[in-house]
Amino acid sequence: MPKITFIEHDNTEHTVEALAGQSLMQAAIDNSVPGILADCGGYCNCATCHCYIDEMWAARIPTAKHAELDMLSGAIEANSNSRLGCQIQLTNELDGLVVRLPLSQT
Ligand code: FES
């Protein structure tokens, strides 16, 4: 079970136990983490699961596909660490992953 730490824009931390195979977005929703809205339910169509992957972890996550990059191009406050949580599948190797959440999703 990978443990994931979500850090809200105000630096409030939420460390949750996720399931390998579920998405980063679903781990947040299942644990009532504020700041991940997931309006489209995980279909890469809303960008309300936008998050910033900690620098240390960015290279360990598979690169974004075209549809995700398209959505991120219109996301508020997107930067080079931006990803959509619904497009990241968790694995045991991601135990300890740290992600930050944008102000726009508070
Ligand atoms: S939940 Fe809508 S894009 Fe991720």
Side-chain angles (χ1 to χ4, degrees):
M1 279 193 175
K3 279 192 182 163
I4 311 295
T5 298
F6 296 89
I7 305 175
E8 293 183 69
H9 193 266
D10 67 359
N11 289 324
T12 304
E13 293 191 14
H14 306 266
T15 298
V16 306
E17 288 198 351
L19 297 173
Q22 75 178 163
S23 72
L24 181 60
M25 173 277 279
Q26 196 62 54
I29 296 295
D30 287 354
N31 290 282
S32 302
V33 174
I36 293 281
L37 307 177
D39 288 344
C40 77
Y43 289 98
C44 197
N45 201 29
C46 72
T48 61
C49 61
H50 178 199
C51 55
Y52 305 110
I53 305 297
D54 187 87
E55 292 280 352
M56 269 182 48
W57 290 91
R60 296 163 72 172
I61 294 179
T63 54
K65 296 192 170 118
H66 187 71
E68 182 181 355
L69 291 173
D70 261 4
M71 284 306 301
L72 282 171
S73 70
I76 300 168
E77 303 168 326
N79 67 28
S80 58
N81 293 338
S82 291
R83 293 296 301 264
L84 296 181
C86 68
Q87 301 303 301
I88 296 174
Q89 187 173 28
L90 296 174
T91 63
N92 289 325
E93 288 69 37
L94 293 177
D95 182 38
L97 175 65
V98 177
V99 301
R100 294 177 184 276
L101 304 175
L103 175 63
S104 60
Q105 286 162 207
T106 56

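Every number for a ligand or one of its atoms is a count from 1 in the order of the listing.
- Within the protein, the N, O or S atoms sitting under 2.8 Å from atom 2 (Fe) of ligand 1 are Cys40 SG, Cys46 SG.
- Put simply, CH2 on Trp57 and CD1 on Ile4 are 7.5 Å apart, with the number rounded to the nearest 0.5 Å.
- Under the 4.0 Å criterion applied to side-chain N and carboxylate O atoms, Glu68 and Arg83 are assigned as salt-bridge partners.
- For the residue pair Gln22/Asp30, the side-chain donor-acceptor check at 3.5 Å is satisfied.
- Looking at every heavy atom in both residues, Met71 comes nearest to Leu84 through CB-CD1, 3.7 Å.
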- request: For the pair Met1 and Leu19, evaluate side chain to side chain contact (heavy atoms under 4.5 Å, CB included) and give the outcome as yes or no after the intermediate values.
  value: CA-CA 5 Å; Met1 279 193 175; Leu19 297 173; 3.8 Å; yes

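- One finds the NE2 atom of His50 at 9.0 Å from the CD1 atom of Ile36 (value rounded to the nearest 0.5 Å).
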